[in-house]
Amino acid sequence: MCLAQLFLQSGSAYDCISELGEMGLVEFRDLNPSVSSFQRRFVSEIKRCEEMERILGYLLREIRKASIAVPEAEVPPVAPAPKNVLEIMEQLQRLEVELSEVAKNKEKLQRNLLELTEYTHMLRITRTFMRSRSRHEALGPQYEEFPSLETESVTGCTSMQRLGAKLGFISGLIQRVKVEAFERMLWRVCKGYTILSYAEVDESLADLDTGEISKNVVFLISFWGDQIGQKVQKICDCYHCHLYPHPETDEERADVMDSLRTRIQDLQNVLHRTEDYLKQVLHKASESAHSWVLQVKKMKAIYHILNLCSFDVTNKCLIAEVWCPVSDLANLRRALEEGSRKGDATVPSFVNRIPSSDTPPTLLRSNKFTSGFQSIVEAYGVGDYREASPAPYTIITFPFLFAVMFGDLGHGSVMTLFALWMVLTEKDHRRRRPGNEVIWTTFFDGRYIILMMGLFSIYTGLIYNDCFSKSLNIFGSAWSVKAMFTEHEWTNDTLQTNALLTLDPNVSGVFSGPYPLGIDPIWNMAVNRLTFLNSYKMKMSVIIGVIHMSFGVVLSVFNHLHFRQKFKIYLLFLPELLFLLCLFGYLVFMIFYKWLAFSVRDSQLAPSILIHFINMFLMQENATTPLYPGQVCVCVCVCVCMCVDQCTRV
Amino acid sequence: MASLLFCGPKLAACGLVLSIWGVIMLAMLGIFFTTHSAVLIEDVPFTEEDMHDDETALQNIYKLYNQVGYNCFIAAVIYVGIGFLSFCQVRLNKRKEYLVH
């Protein structure tokens, strides 16, 4: 990694940075740290990009609302040249204006439609009121001078005007939930000078302002006098009723209903056309929406980087400081040449390596296979420049430790098949799902890890002889029950009197040698299977774990040697290793010793390792026989060693 | 003719996956039972009387093994039926998606 200075000509700076960005080679250093983001040079361009992002966001939301699919290009587009930017900006602004206009119109039309529909309902229902009323004559005292309403339909309901008493009507719609309260309020305020009739509308209508669908009720209020009229008006406003003018005569009513019907039909036609047009516009926009998003993002990133550069004295040239891997310097030069060519520069941009004593940033190159493991290691922290990276080792150790815990042949093969399917069809998946579901993305990004885990699980499944929790008998079991009978250890009576019997490997012929690969299949049918397997698996896990930990500690030696900190080997590495080996290395030693020193014949006498281990710490005398001669002495030595070690570390 | 569609797309897909798994697993289990695998002894419904019959004890156990094996095969055939039904539902659901509402 080296520090380099880039001299970019102002005209072609944008294209050079675009080329560098496409290759992803370098890390830029901020040369204007004291300048706030609002005072930097390219602030207006960034503002323009953000404006475009805003419009694009609105556009994508509208497209998604209309459930139109947004197709994605095969190859991601490059950042647009500055001269094309204006064109894109113009297109976006035009689209935004058009969309907002169409949306506003649509809303207005829908409002109109709703009002007209309500009016129609109201007219229809109040007609039934008038009909019924005229039949029952519920209009208070009967005036003999005036003919009944049936015969004098021309005069209509305002016949009362002749008396000088003005009969007024107010009609409209109110939400069903408010009707009772409305009625009560009317009664209380107007002291019985009003008559309210109402009926429910069958259709549920959407409320104009809130958009929620609710049941409405058509009401008709008839009242005497002006004052009452004003009070009734105020109450209606209070309850957010939609009032419509009440027609005077039946003919008027019929006329209004007819005109309303035609108007509703026209409106629906227009609405339909509007929606079609909107869909068309959105469809056309959706074709290029995705590439626009990418282009604007890239443009914004380029301007951010340009803001990090500083202008030189002559103001003709931009200077940038970058960290670049030494092996990629040739690629860097080529990118700059390409950028200069694209930007039609008279003077090409060039790169100049400068010496530096700062610690360069760490670059760890990874391909699609190692990137999963690298990200797991980075979750614990990124190493310093030139530190030994543990990631290559985790490619094996991580799946292997998983397999030690998993250990099933059948389920391991299912996992392997799943991972294999993901790996073989990775081209389609990479294109298809951009990351809507988090769980699927997690699985897909870790497909190589899952593949390794599955393969290793198949191996450990063979060792544990576990296939969907049943054992496979490949080589033939080494234990023979018949031998217990031929050697006269068991008889038919023993079978009938005992529920459980133990095969004795000391009897000749019962145990004919270890199973070639893995655990003997007879254990699957034994009742004490778990007792045996737990002990075996625990010991194996301790051995593998201790080896793994020691390996990790040994790796640090390479770091100390590289950074020329030899004192750390003596002060850090040796105490760590000593402590680890004294404690767990001794445990591993005891495990191996017990395996080798005790045979089938004296297995009854073998002491428990765990108890010995604990007693060592408590410095107790064991009541049982020692594991090996001189054990007491060794234990004391080990304990002293550990104490000394701890003191040095502190 | 009334619509033959009685379940949604997800239920149909779930049924299909379960049926495939059921067919494969039950077929293999049937094979292992008919070859009298010792490891599956716990699932064979033998009684004390079967064991006390000295001459034919082995044959009794084998007969029970075969019975369980045939049961597995019958279950596998039922799953084939269910799988076929689920597959038809999946296809009908896909066809319904293309219809204009």
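As the structure is a computational prediction, the values presented were derived from the model and not from experiment. Proteins get letters first, then strands, A, B, ... in listed order; numbering begins at 1 in each.
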### Task
Under the side chain to side chain contact (heavy atoms under 4.5 Å, CB included) rule, collect the residues that match up with B:C7, sequence neighbours excluded.
B:L11, B:A12, B:Q89

### Query
More than 12 non-hydrogen atoms from neighbouring residues, nucleotides or ligands closer than 6.0 Å to CZ on B:R91, yes or no?
no

### Summary
Residues at least two apart in sequence or cross-chain that pass side chain to side chain contact (heavy atoms under 4.5 Å, CB included) with B:I82, listed by chain then number, are B:S19, B:I78, B:S86

### Query
Of all the residues in residues 484-495 of chain A, which have a heavy atom that comes within less than 4.5 Å of a heavy atom in chain B?
none

### Task
Kindly check if the number of other-residue, nucleotide or ligand heavy atoms within 6.0 Å of CZ (A:F475) is above 12?
yes

### Message
How about CZ on A:F418, more than 12 heavy atoms from neighbouring residues, nucleotides or ligands closer than 6.0 Å, or not?
### Response
yes

### Query
Which residue pairs pass the side chain to side chain donor-acceptor pair (under 3.5 Å) test when at least one of the two sits in residues 450-475 of chain A, sequence neighbours left out?
A:S471-A:N524

